[in-house]
Amino acid sequence: MTRTTYRCACGAHLEFKQDLEKESGTTTPTWKCKDCGTPVPGMTAEKIRHQDPS
């Protein structure tokens, strides 16, 4: 199975759940880049959040 990756506008390479930050206070999960806080597209973030480097 191939890994999902995402290149944030700040240049960060998002590949694992540790690279994402969940926005609190929302009814549906909204994920952001841990480095800069830019929102990550929903489907992409859901795939990435299930990936673990181990």
- request: Mind checking the NE2-CZ spacing from His50 to Arg3? Nearest 0.5 Å is all I need.
  value: 13.5 Å

field: Pair listing, side chain to side chain donor-acceptor pair (under 3.5 Å) test, anchored in residues 37-49, at least two apart
entry: Trp31-Glu46, Glu46-Arg49

task: Look up atom NZ in Lys32 and atom CG in Leu20, then write down how far apart they are to the nearest 0.5 Å.
output: 11.5 Å

Distance (rounded to the nearest 0.5 Å) between Ile48 CD1 and Gln18 CD: 11.5 Å

Please table the atom pairs, donor to acceptor, closer than 3.5 Å between any side-chain atom in residues 5-17 and protein atoms at least two apart or in another chain.
from, atom 1, to, atom 2, distance (Å)
Arg7, NH1, Gly11, O, 2.8

